[in-house]
Trainee: 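This structure is in structure tokens; I'll ask about it shortly.
Treat the numbers as computed from the prediction; the structure is a model and nothing was measured.
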Amino acid sequence: MTTTTELAARIAALMPRAKQDLTDLVAIPSVADPRQYPPEECRKAAQWVADAFAEAGLRDVHLAETPDGSHAVIGHRPPPPGAPTVLLYCHYDVQPPLDDTAWTTPPFTLTEAQGRWYGRGTADCKGNIVMHLTALRALGEDIPVGLKFVAEGSEEQGTGGLEAYVAQHPEQFLADALLVCDTGNAEVGTGTATITLRGLANLVVTVETLAGEVHSGMFGGPAPDALAALVQMLATLRDPETGATRVNGLDCDGTWDGVGYDEAQFRADAGVLDGVRLTGTGTVADRLWARPAVTVLGVDCPPVVGSAAAVPPTARARVSLRVPPGTDARAALQALTQHLTDAAPWGARVTVETEGTGSPFRAATDGPAYTALGKAVQQVYGKPLAFLGQGGSIPLCNVLATTYPRAEIVLMGVEEPRCLIHAPNESVDPTEIEHMAHVEALFLHEYAAAHGR
């Protein structure tokens, strides 16, 4: 077996190649939305990934079309006799850059600044692709487990292509441990596994009060204002003093017992303005990972510019509820729907359109994969493995948990709060790529050893 020191030296020597890999990948604007970017860009990224992992030693690497039209990159490496199999997951599609003017560097050009590598996808999730590649290259032929590999092509769009494909082809992804590498560490230098994900319940609520617009001078006062009604309804979703989410019928007071999130660090990471208080009660971790969180994503109403002196007859809002483990997403959607309906003032007519739900996820951490990961993290970072929650959702995790109930699911990767994933000026700390590639390589050996290999 290759020693820890030898692996570290190999990975350090591979970092210039890792930077070039990420430079090449970031240059491909693989946004899986044909309304914004040509589909050919995603196909180009998929082929890049396929070629790279074939070169790194995987077999039968190919592009498979999924039910939403995207292409997953799939490959494998057979296990040695008696060895377990590990699935390596990542995704090559990225979020759109949003407001280009908010970027300090070109979003699709990898740029080094202040010791970090900037560009869309440097962390989420092309940095994790490079992490996988670097680990496999460092190991060479010294891979003591079987491998299965999949790179998703539409994760950021949430259109469910890979989830449906897994259900149709479960044999292609069957493994003893599933490394879902689309998360990261609590902070740079702290090896972390994400063990919970919040689910999702989204809806659009429409309020109607009048047959049509009427002059606010002639009718304003007794004529019920639909926008004002909507504002009142939305306001009931938060405690008026603390801003904490409050939905009738839901437990909104859960607590988190894993690694915490320093409040000052959270303020800096989230860009909270000076003098503005955080909403909710309890620790930041409680609010992020153990409690429901409501967000008004958008409102349809007359815009300020061009608005008339008229009473609005209708208004609508898109409302998102993040759902913690232990809460059923469908029950949460029903509770949110009933809450808004009951909160409508003045007999206003309320229509609720369901957008969809996603179940929360909690990983079991008492198996050999987590023991192996803990040993690898201790060797690389010199401190114990930390456990983190995540406020976002990865629907694939629930599909994998249902399809492979005996497999251990590990969420890890190179992303950490300073990466600003999904936001302008996304970046990655290259030391996280280096160290997490080392963790992954060591994990494969530790996991094989746990099975007597």
Side-chain angles (χ1 to χ4, degrees), residues 1-12 14 18 53 56-58 75-77 79-80 82-90 125 127-150 173 175-186 189-195 363-388 397 400 404 406-416 431-453:
M1 169 184 168
T2 306
T3 68
T4 299
T5 302
E6 289 171 336
L7 272 178
R10 289 182 188 176
I11 290 170
L14 285 165
F53 280 87
L58 297 188
H76 74 279
R77 181 185 175 100
T85 295
V86 176
L87 173 73
L88 306 180
Y89 166 90
C90 51
C125 179
N128 288 310
I129 294 173
V130 172
M131 176 193 75
H132 283 319
L133 275 174
T134 304
L136 295 182
R137 287 170 177 159
L139 288 170
E141 292 301 314
D142 184 24
I143 299 178
V145 299
L147 294 176
K148 293 188 177 180
F149 172 78
V150 60
F173 307 99
D176 301 285
L178 316 176
L179 296 192
V180 179
C181 294
D182 190 20
T183 62
N185 293 338
T190 299
T192 309
T194 297
I195 60 172
T365 61
D366 57 353
Y370 278 88
T371 300
L373 182 63
K375 291 180 179 179
V377 165
Q378 182 69 49
Q379 291 179 68
V380 174
Y381 286 105
K383 48 188 173 182
L385 173 67
F387 291 137
L388 190 69
C397 285
L400 294 174
Y404 314 110
R406 296 183 180 181
E408 290 184 78
I409 299 177
V410 177
L411 289 91
M412 54 180 267
V414 303
E415 302 162 26
E416 37 80 21
T431 64
E432 289 290 84
I433 294 177
E434 180 176 356
H435 292 152
M436 288 306 296
H438 193 186
V439 166
E440 181 174 329
L442 286 174
F443 165 81
L444 297 179
H445 274 285
E446 294 288 353
Y447 190 56
H451 288 77
R453 292 293 305 170

Trainee: How close do V439 and V377 get, heavy atom to heavy atom, and via which atoms?
Mentor: CG1-CG2, 4.0 Å

Trainee: Verify, without hydrogens or angle tests, whether H438 (side chain) and A9 (backbone) share a donor-acceptor contact under 3.5 angstrom.
Mentor: no

Trainee: Using a 3.5 Å distance criterion without hydrogens, assess whether the side chain of H435 forms a donor-acceptor pair with backbone atoms of G191.
Mentor: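 Not at all, since once roles are kept as given, no pair shorter than 3.5 Å links the two residues.
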
Trainee: Assign the ring pair F149 / F53 to parallel, tilted or perpendicular, where the plane angle (0 to 90°) is split at 30° and 60°.
Mentor: parallel

Trainee: For P384, enumerate each residue passing the side-chain contact (heavy atoms from CB on, under 4.5 Å) test, keeping only those at least two apart in sequence or located in another chain.
Mentor: Q378

Trainee: Quick check: closest heavy atoms across L7 and A441, and the distance to 0.1 Å?
Mentor: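 That would be CD1-CB, 4.0 Å.
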
Trainee: To the nearest 0.5 Å, tell me how far L178 CG sits from Y89 OH.
Mentor: 12.0 Å

Trainee: Would you compute the distance between atom CZ of R77 and atom CD of E141 and round it to the nearest 0.5 angstrom?
Mentor: 4.5 Å

Trainee: What pairs meet the salt bridge (Lys or Arg N to Asp or Glu O under 4.0 Å) rule with one or both residues in residues 433-445, with sequence neighbours excluded?
Mentor: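 Every pair satisfying salt bridge (Lys or Arg N to Asp or Glu O under 4.0 Å) with a residue in residues 433-445: there are none.
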
Trainee: Keeping T183 on the side-chain end and M412 on the backbone end, is there a donor-acceptor pair under 3.5 Å?
Mentor: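 Pair found, side chain donor or acceptor close to backbone of M412.
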
Trainee: Supply the atom-to-atom distance L133 CG to R137 CZ, rounded to the nearest 0.5 angstrom.
Mentor: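 Output value for this atom pair is 4.5 Å.
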
Trainee: Do you know the tightest heavy-atom contact between C125 and C181?
Mentor: SG-O, 3.2 Å

Trainee: With R10, which residues qualify under salt bridge (Lys or Arg N to Asp or Glu O under 4.0 Å), at least two apart?
Mentor: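 R10 satisfies salt bridge (Lys or Arg N to Asp or Glu O under 4.0 Å) with no residue once adjacent residues are dropped.
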
Trainee: Working to the nearest 0.5 angstrom, can you tell me the gap between L88 CG and L58 CG?
Mentor: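 With rounding to 0.5 Å, CG (L88) is 7.5 Å from CG (L58).
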
Trainee: Side-chain polar contacts of residues 363-374 - donor-acceptor pairs under 3.5 angstrom, sequence neighbours left out - could you list them?
Mentor:
residue: Y370; atom: OH; partner: I409; partner atom: O; Å: 2.7
residue: T371; atom: OG1; partner: G367; partner atom: O; Å: 3.3

Trainee: Can you tell me how far the CD1 atom of I11 sits from the CG atom of L442, to the nearest 0.5 Å?
Mentor: 7.0 Å

Trainee: On a heavy-atom basis, which atom in V145 and which in L444 lie closest, and how many Å separate them?
Mentor: CG1-O, 3.6 Å

Trainee: Looking only at non-hydrogen atoms, find the nearest pair between I129 and C90 and report the distance.
Mentor: CG1-SG, 3.6 Å

Trainee: Work out which heavy atom in H445 is nearest to a heavy atom in P144; give both atom names and the distance.
Mentor: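 Looks like ND1-CG, 3.5 Å.
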
Trainee: For the atom pair CG (D142) and CD (E6), what is the distance rounded to the nearest 0.5 Å?
Mentor: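 D142 CG to E6 CD: 9.5 Å, rounded to 0.5 Å.
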
Trainee: Between T192 and T190, is there a donor-acceptor pair closer than 3.5 Å when you use the side chain of the first and the backbone of the second?
Mentor: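 Yes, because the side chain of T192 sits within donor-acceptor range (under 3.5 Å) of the backbone of T190.
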
Trainee: Mind checking ring-ring contact (aromatic ring centres under 6.0 Å, His included) for Y404 and listing every partner two or more places apart, or none if nothing turns up?
Mentor: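 Partners of Y404 by the ring-ring contact (aromatic ring centres under 6.0 Å, His included) criterion come out as none, since no residue qualifies.
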
Trainee: Return the orientation label for the F443 and Y447 ring planes: parallel under 30°, perpendicular over 60°, tilted otherwise.
Mentor: parallel

Trainee: Excluding sequence neighbours, so at least two apart, what forms ring-ring contact (aromatic ring centres under 6.0 Å, His included) with H76?
Mentor: none

Trainee: Within the distance-only criterion (no hydrogens, no angle test), does the side chain of D176 pair as donor or acceptor with the backbone N or O of P84 below 3.5 angstrom?
Mentor: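 No; zero donor-acceptor contacts below 3.5 Å.
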
Trainee: Should we count NZ of K148 as having more than 12 external heavy atoms under 6.0 Å?
Mentor: yes

